[in-house]
Amino acid sequence: MAVYFDHRIEAPESSGGPSQVAWHPTQPVLAVASNSPTTGGNIDLYLQQGEHVGSCHVDRPFQPTVLRWHPTKPLLALGWETGEVLLLTHPSGEQTPLPATHTACITLLEWSSSGSRLITGDQVSGFLALWKVDARGRLQGSHIVKHDYTKPLTYCIFRPAPPGEDVAMLARAAVGGDESALDMFNWRKAGNGPPLKMGPQEGLVFYVGTADGKVHCVDEHGRSSPVLSVDGSIQKLFYLKRREVLAVVTETLLLSQYTLGPEGGAQELMKVKLSGKSGQSADIVSTETGLLITATGEQVIRLWDLERDDNYVLSLDESLGFEKGEVLNCVSYCTAKEILAAGTNRGRIALWRMVSQPNTRTGTKAQWKLQTPTEIEGNVTQLQWGSNLNLLAANSVTTVLILCEHVMSAHFGQQVAAVQLTPSQLSLTMFNTNSHLTLRSDMHIKGVCVTKDTVTVWNGKQVTVYEPSGATLRNTGSFLCESQVLAVHDENIYTVEPNRVQVRTPQGTVKQLLAFSEAEGNPVLLSVCQGYLVVGTDTAHIKVFDLTRREAKAHCSAKNLVDLTPNLGALRSVKCNANGNQVSILVNGRPDHRMYFYDVEMDTLSHFDFFTGRPPSGISQADDTERCVCLSERCPVSHFWDENEPRLFVCETVLVNSPQMDHLDRSSDQRTDFHRSNADVLVVTFFCTQEHGLLLQDSYPKPAGLQALLALDVPYYYFTCKRDPEAEEASAPAAQSPHMVSRRALRDFQGLENCEKATRDAMLNFSFYLTIGNMDEAFKSIKLIKSEAVWENMARMCVKNRRLDVARVCLGNMGNARAARALREAEAEPELEARVAVLALQLGMLEDAEKLYKCCGRFDLLNKFYQASGQWQQAVETAETHDRIHLRTTYYSYAKYLEAIGDKSMALVFFEKSDTHRFEVPRMLLDDALSLEIYVNKMKDKHMNIVENIYKWWAQYLESQSDMESALRYYEYAQDFLSLVRVHCYLGNIQKASEIANETGNRAASYHLARQYESQEEIKQSVHFYTRAQAYNNAIRLCKENGLDDQLMNLALLSNPEDMMEAACYYEEKGSHMDRAVMLYHKAGHFSKALEVAFATEQFSALQLIAEDLDETSDPALLARCSDFFIKHDQYEKAVELLVAAKKYHEALQLCLDQSLTITEDLAESMTVTKESKDLSEEARKELLERIADCCMRQGNYHLATKKYTQAGNKLKAMRALLKSGDTEKIVFFAGVSRQKEIYIMAANYLQSLDWRKDPEIMKNIISFYTKGRALDLLAGFYEACAQVEIDDYQNYEKALGALTEAYKCLSKAKGRSPDEHEARMAELQHKITLVKRFVQARRLYEDDPGEAVRLCEALLEEPDLDPAVRIGDAYGFLVEHHCQQGSFQVAYRKLEDLQKLLPSLNISYYVSQGSLDALQRAVGLPLGRGQLSGRGDRRDSGGEEDEVEEDEALVSHQGD
């Protein structure tokens, strides 16, 4: 919380009453203009505490009118009523008058944004002059522009310059290859586009308003042009940079907005009359966000949001100290702090702070919070915020006060707390004696330090020491000292000055100097804890001193923290623990998320990062992951060590994105004490030791109504309180200040606040050892504790640390059997958090239980918890969002609760939501018949499915009250047809009841009506309605009793089997309609009885119907009897089916053979017995399957025979059946899966019978099957056949040679029956291979040595058994071709004759090419035509020889592939 110190300006005696004030934009210098009736006008400059700058005094015998500071230079422009304009330089006091230009009162003085231009204007003549000022603030000659507007000038504003290019971004783009960005830096290409604007440019265009309502625009060249005109004199001009809109406000508070065109034209956007008190001069300010704030001497401040076109007012609050009827005269807005200040006529300054949501800046009334006012003397007529954000100047007519914002000081030490109330008042609380004192000082207090014996205050220039003396405080010493920080220990006061710390007595005498080198820096921070002083310097050095001796001794050498953590930043706060071995550190800058800890003995710097919620790895307990989540995205703002426990440390943290972070950024005060929302502030406690590092002990949300953490002193946290003026006025005596410090017990010490030191130490040790997981030491520290309260607190610690094993021991020592039992029963819960929550509930820790249930996601238990604790709204919300499985149950329980407390209207709503209103609402409203009737009537508008039961209940209630007419109406609403029929029957209106039953078909209504008709002996009507009610047994009973045989049959067929049997017996006993008896027995499933009656009465058609329903589950004897019946009547197929159903498979199969019945696949399957069946043995089952297969073979059903042979395990017979089918694909597949040698051979033999020459796949399968069947002799034979095909069909001796070679290999591996035969066959095959090889060699040798090739061929012809290994025609053809090519046609002709002699019927053209034959014919002159030389009729003799040759060539090519 902040207060404002008021510094009255030290005005000279010659000065009159102040008329104007003006702060320099960047420097803490205030200009004040004053008027005196006798001496005239004065201008004086003052510093931030009101010190007068004597060198800068200006006086004239006339009045000053306008003050304007240069935007950057300490140069003040002064305007006087005579038209004089003067430039005053600070601090030299140099005065530079402008050349005489104006002769009337100066009304305009305005600097451009960078101060290079100055505008002056007067009131009467309307002269406007523009002056140029150099970079040093010196005037450059006379005016550069002058305009005469002939009307008084009222206001002037410069138009902001458009933003320049971001040079850094353009440079990065240029380096990245952006040519357009690169061109902007190239002056040679400047003509290609607009010139580069280096940074922000100065706007030289300005607008001038006159008293006749006109606005003129003066461009950068000094040319003036009218822009717009309004009604009335112009009071203010505002330029809205975001929208590029000019806003104009007249003296009559008429607001107009205009858009400005590029050529100076203006277009009106809107015009509105602002509210305000007429006849008063309005103080109007605007913000960068387009907010217009006006004060017109009313009791409210009016705000217009020009961006959103919205308006609202801010008013004063009497509860904060304002008076009724107090009016607001002036306003000033601080953009950086978002604070609006307003001065009143009663000498008060009202402050509103904008409370903004994250990432939003909306100006609504709800976001402005009024603060406690600051009081000064007189009527406040002018306010202005200074360049320093903490300075506010207030003009109160008689004087000027400079208000300096100061964060209220507070300090705690040795059970004494001091909190600043006003600039000169402290509230003191002595907790040891439970006493309260107030200290009023004669100076503005900037700091306070308390001990049990002294209270020391200072203001940066003076230090005063007080000592308690009974109920008062006695001043024991005061001395001058310009120390901004101070610390006290025993009788010593520690102050700072450059490069040293002074140790003083209470009277100011310096006892000792603690020196710091220049590298170590100047001391700026001091903190004392027990006997140790820690000092922080402006160069990030820290040093600890031991104060326990007569003189302070260095406990450690000065340590430069930047060496341990580079880029650490400036120190903001340092504190040490009670042993002096740990120092905690906060640093400045954009709030650092880390809390630093320096270990003096180990010389190490560690930290806890509140942004991630955890310390560096290795110094935190492993099970704190869940608890660290709530510490993430936070920033520490204050920290303290316990004064007596060196291990215990506490830190106050706020959320990073909370509004208070903005205030933390803007303030660098030594103590950050500002308004924080309770949800954002968390107090975190740690154990910090050298052995275990930093251990999270507890996290504690700051309670509502408390301001900030002040100290930690076990067993309490100490907080400063928020001031409540109403409570202070009601409770505090007039002479006593309110209590400003409140303490809250640590969670581990709740209930133990007044325990002795031994117990307190034991609890601390227990908590510490429990935190590090050392259970032996934890129990050892509490073994002597006998107090139940202590054990209860330790059980509470177990909730925090989730140590249920320790909690059981604590509960046992407490004697809390109920809690122990609940904890034992909770062991069934799978989540640890759920079990811990049960312990928390038993200990009354409801908030912890709630958090634990939420943490583990057990929303069902959380729902029960809310219900048990009476938090019904939360229970309903939880059920609706997370526990929908118990939603209706929750609604019902809440409704019962509401009913119990008498809120029947809400109970009714939740009974409906729980879908229990049909019973619960009538029950609840039973005693209030009127309310119940109203509720029932309201239900008509709702869905009928929901309200039927309500209507029915109400109708029953009316019926019980004998209101039959109304009861019938509501029964009809409820569609309760039974009750309608019942009431109509009761009233004797049975005809109406019949109509209802017939129209609706309601079974219950029909049954009731049937009973009525039966009682009246109207049998037909009774049977009809029994039938509609599907009460067939009653209808059958009436038919039997009354001889209605025709209706009896139909009813029996509609009824159940029992009724069918009963009707069948009736027909059988009666002896008539035996066909009906058989049918009913059959329909009832009593087949034996049906057959018996059918046989007895020879009803063959009925027998057929019955037999269709017989299956294997029927009686075998019955099946056999039926099959005999069908055999006698030549219905063999039906007989076979019955025999199969009776499991007489052989008889059924024999019947099929005898009667030549085709065995279908379904019949075969029905006769197939599974392996698991116990009806037949395995041998009998296989025999039956083979018989079925044999029968299928006889009938030609080879596929089915194959299947049955396979099921019987006889794969050879299955293969034979499959071979007969001729299904090649299935034969190949069956051979592949059978994996038997004989089957492979059978399949290969079958495939050889096919045209394997044209299907390579068949050839491949033949080779594969012979190989798998190990029939190598057969495979050799197949290769020989392949070789012969190559020779006969394609004349391809090369491939034939390869096939014969493979045949020889196979034959050599085969084992023949007779060795002699085997040897002979191999010799024959070897001879054939030799002949073929010789012929192939001759053909290959022909190209290289034709003569040798011919010789080899002729030698081959001499072999006696050449053919069929090598065909003779091929050999002679080779020779003929050779001699024809050599031109030896006579020799060729002779060879051809020799061939013809050997093979008279040979077709010569098959062996000799047609070209050679033609050449030979021409040479010898003999006809060698086809008719003459053809005697053998082969395929070459038929027509289309060329086509056949092509076919042969294609076939050869195919075989080659």
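The shown structure was predicted, so the numbers you read here are calculated from the model rather than taken from an experiment.
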Residue pairs meeting ring pair (Phe, Tyr, Trp, His ring centres under 6.0 Å), one or both in residues 837-863, sequence neighbours left out, come to Phe859-His882
Ion pair present between Glu880 and Arg884, side-chain N to carboxylate O less than 4.0 angstrom? no
Enclosure of Lys992 NZ (heavy-atom neighbours >12, cutoff 6.0 Å): no
Could you go through Lys913 and Asp915, starting from their C-alpha distance and side-chain angles, then the distance that decides it, and tell me whether this counts as salt bridge (charged side-chain N to carboxylate O under 4.0 Å, His left out)? CA-CA 5 Å; Lys913 288 186 175 182; Asp915 200 26; over 6 Å; no
Before you tell me yes or no, could you show the steps for Arg982 and Glu959 under salt bridge (charged side-chain N to carboxylate O under 4.0 Å, His left out), namely the whole-Å CA-CA distance, both residues' side-chain angles and the distance that decides it to 0.1 Å? CA-CA 11 Å; Arg982 177 176 53 77; Glu959 183 181 354; 2.5 Å; yes
Flag the pair Glu829 / Arg858 as yes when at least one side-chain heavy-atom distance between them is below 4.5 Å, and no otherwise. yes
I'd like to know if the side chain of Lys702 reaches the main chain of Leu706, judged simply by a donor and an acceptor atom lying under 3.5 Å from each other, with no hydrogens or angles considered. yes
Kindly state whether the ring of Trp872 and the ring of Tyr866 have centres lying under 6.0 angstrom apart. no
Do Trp368 and Tyr312 have side chains that get closer than 4.5 Å, going by heavy atoms? yes
Describe, in one word, how the ring planes of Phe719 and Tyr717 are oriented to each other, choosing from parallel (under 30°), tilted (30 to 60°) and perpendicular (over 60°). tilted
Heavy-atom pair of closest approach, residues Pro830 and Arg835: O-NH1, 3.5 Å
Check the surroundings of atom CD in Glu847: do more than 12 heavy atoms from other residues, nucleotides or ligands lie under 6.0 Å from it? no
Got a sec, which residues hit side chain to side chain donor-acceptor pair (under 3.5 Å) with Asn1002, two or more places apart in sequence or on another chain? none
Would the Phe610 and Phe608 ring centres measure less than 6.0 Å apart? yes
